There are 2 protein chains.
Amino acid sequence: MSTNGHHSIFAPAFKIQMNCHDCVLSRLCLPGCLQQNEVEQLEKIVKRNRPLHKNEHLFRAGDAMQQVYALRSGALKTYLLDQDGNEQITGFILPGELVGLDAFGNHCFPSYAVALETSLVCTIPLADLEELAGYIPSLRKQLLTTLSRELHEEQQHYSHNRESAEQRLAIFLLNLSQRYSRRNLSATSFILSMSRGEIGNYLGLTTETISRLFSRFRQLGLLEIKGRELHLMQPSALTRLGKNAAQQPAI
Amino acid sequence: MSTNGHHSIFAPAFKIQMNCHDCVLSRLCLPGCLQQNEVEQLEKIVKRNRPLHKNEHLFRAGDAMQQVYALRSGALKTYLLDQDGNEQITGFILPGELVGLDAFGNHCFPSYAVALETSLVCTIPLADLEELAGYIPSLRKQLLTTLSRELHEEQQHYSHNRESAEQRLAIFLLNLSQRYSRRNLSATSFILSMSRGEIGNYLGLTTETISRLFSRFRQLGLLEIKGRELHLMQPSALTRLGKNAAQQPAI
DNA sequence: CGAGCGATTGATTTCTTTCAATATCGGTGG
DNA sequence: CCACCGATATTGAAAGAAATCAATCGCTCG
């Protein structure tokens, strides 16, 4: 009772952060389809970390896998390192997305996660999560759903492999646009949190190719870009471009 | 009691098939790390299907997702169809591997699965599996582990995107070799259950490129191949080739 | 203000695709 | 049993897309 009756001087401010229920991202995040009382249980095990600064790692391959993470604000990239030390970026993480799911069942993370800008993450201890999943069927389902959706997205990403550089960049930009839009941010104006090189790495292209494509897209009036500030002028034309490289007339 | 005392005339033969516990593939499959009594519970919900003939579909995108599958014998391919009707092969399934995991949390399968040769599959009803996962923590863990491993493998597959055609085929063949080996089959001699075109599709290359590469590998003495019968002569050289395209001498 | 990284743009090279022509295999029916 | 068919595989020549090499520009941060 006494602990409920008064708080440490830091508690109120801290408390505001600690709430999944009030988080605008919850519908995109692990709470997803959970009932309110279930979210409350989840909240009890979720921790918040200090902010992660740009270029700071959330985890590295080989780190003990004792928790998964959800991004609260900012942006991350995840990547693998091959035997020659080459970085292969496997994804860009936006707020509301989970990170570290590729490590389930391993003792260590197989991949790296690093902040592209100052970011806040929520930490979910694995032991607690597993226990809670025993009680809450919809949490189990949510975990499997999230993981299988990631798998499907990864497959789709791979399947763009055979398409032209132009198509791949168009698809990438539209994907970002859609994800920002789901977060109630502008679908047509946003800041790229990653460099040209990182986009290229992710898409299996080079910095130079990305740069040339941005120039071409600008010349075609599809977009305006200055540094990392992007404005999509003709999303529909970009969509068309993403679908069929040469606009092959039907039949 | 009377039902235990005697069987239908088909029961004995059927019973032999129905046993995960005796299945040589169980350590690779869903039973994975389960305890014996847990495997017995799993067995109760697993069904076996009639054989799937070559080119017969196990499921198609859009089919209701009411079960997942485990391959018992034969080989499958899974693929996506893009908006233009182009097939993108997302994986080749060998005995002991699960199929359909990319559909969790969806009502329908997003992908297709078709037999590359006559195959037997085990069927696991989703409702039963979800219920059982409530009782058996290690089954929950096993599901998440399997799914996250698939995700990681998909990421690795994608990360070979930037490598040369030569490297990609080398890596592919070594991957098959390793998977056959884990099934106590020869790591150096096996039959490719897929066509050159299917290999190419999977790797983001063309039939012709695959064919040329096989010829080159043969000329280099790395392998012998006649039709779909493959024999790896120098797996270690193939490994080296998979690692660095031009054998750049270290420093 | 200078250093250095990221971005842009051009010229050239390289690898893979595309187009095209055979060749081979597996199955079917005469 | 053999001939024929379609599908699959092989091989060559040409075209094309992106990488590589290289130079310059511009911005940000000490």
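From a predicted model like this one, the values you see are computed outputs, not experimental measurements. Throughout, a chain's letter reflects where its sequence line sits, starting with A, and its residues are numbered from 1.
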Practice task
With DNA chain D as reference, determine whether A/Thr206 or B/Ile210 sits nearer its 5' end, using the nearest nucleotide of each.
Solution key: B/Ile210
Problem - Side chains of B/Phe104 and A/Leu151 in contact at under 4.5 Å (non-hydrogen atoms) - result: no
Practice task
Give the rounded distance in Å between these two atoms: CG of B/Leu205 and P of D/dA17.
Solution key: 17 Å
Fill in the blank from the handout: Taken to the nearest whole Å, CE/A/Met194 to P/C/dG6 is 15 Å
Problem - Rounded distance (Å) that lies between atom C1' of D/dT28 and atom NZ of A/Lys226 - result: 13 Å
Practice task
To the nearest 0.5 Å, tell me how far B/Leu222 CG sits from B/Thr239 OG1.
Solution key: 10.0 Å
Practice task
Specify the separation, in whole Å, of atom CD of A/Glu163 and atom C1' of C/dT17.
Solution key: 16 Å
Practice task
Drop me the distance from A/Leu205's CG to A/Leu213's CG, to the nearest 0.5 angstrom.
Solution key: 7.0 Å
Practice task
Determine, stepwise, if the pair B/Leu223 / B/Leu173 fulfils side chain to side chain contact (heavy atoms under 4.5 Å, CB included).
Solution key: CA-CA 10 Å; B/Leu223 52 76; B/Leu173 294 177; 3.8 Å; yes
Handout entry: Rounded distance (Å) that lies between atom P of C/dT8 and atom CZ of A/Phe217
Key = 13 Å
Handout entry: Phosphate OP1/OP2 of C/dC25: any B/Arg228 side-chain N/O under 4.0 Å
Key = no
Handout entry: Distance in angstrom units between A/Arg216 CZ and C/dG10 C1', rounded
Key = 15 Å
Handout entry: Within-4.5 Å side-chain heavy-atom neighbours: B/Leu116 and B/Glu198
Key = yes
Completion exercise
In whole angstroms, the gap separating C1' of C/dG6 from CZ of A/Phe214 amounts to 13 Å
Within the sub-3.5 Å range, which N or O atoms of nucleotides 11-16 of chain D have a protein N or O partner, and how far apart are they?
residue : atom : partner  : partner atom : Å
D/dT11  : OP2  : B/Ser215 : OG           : 2.5
D/dG12  : N7   : B/Arg212 : NH1          : 2.9
D/dG12  : O6   : B/Arg212 : NH2          : 3.3

Practice task
Could you tell me whether B/Gly200 contacts a base, only the sugar-phosphate backbone, or nothing, with contacts defined as non-hydrogen atoms closer than 4.0 Å?
Solution key: nothing
Handout entry: Donor-acceptor contact below 3.5 Å, side chain A/Tyr158 vs main chain B/Tyr202
Key = yes
Exercise for the section: Send over the distance from A/Leu213 CG to C/dA7 C1', rounded to a whole Å. Expected result: 14 Å
Handout entry: Side-chain touch B/Tyr69/B/Ile124, heavy atoms, less than 4.5 angstrom
Key = no
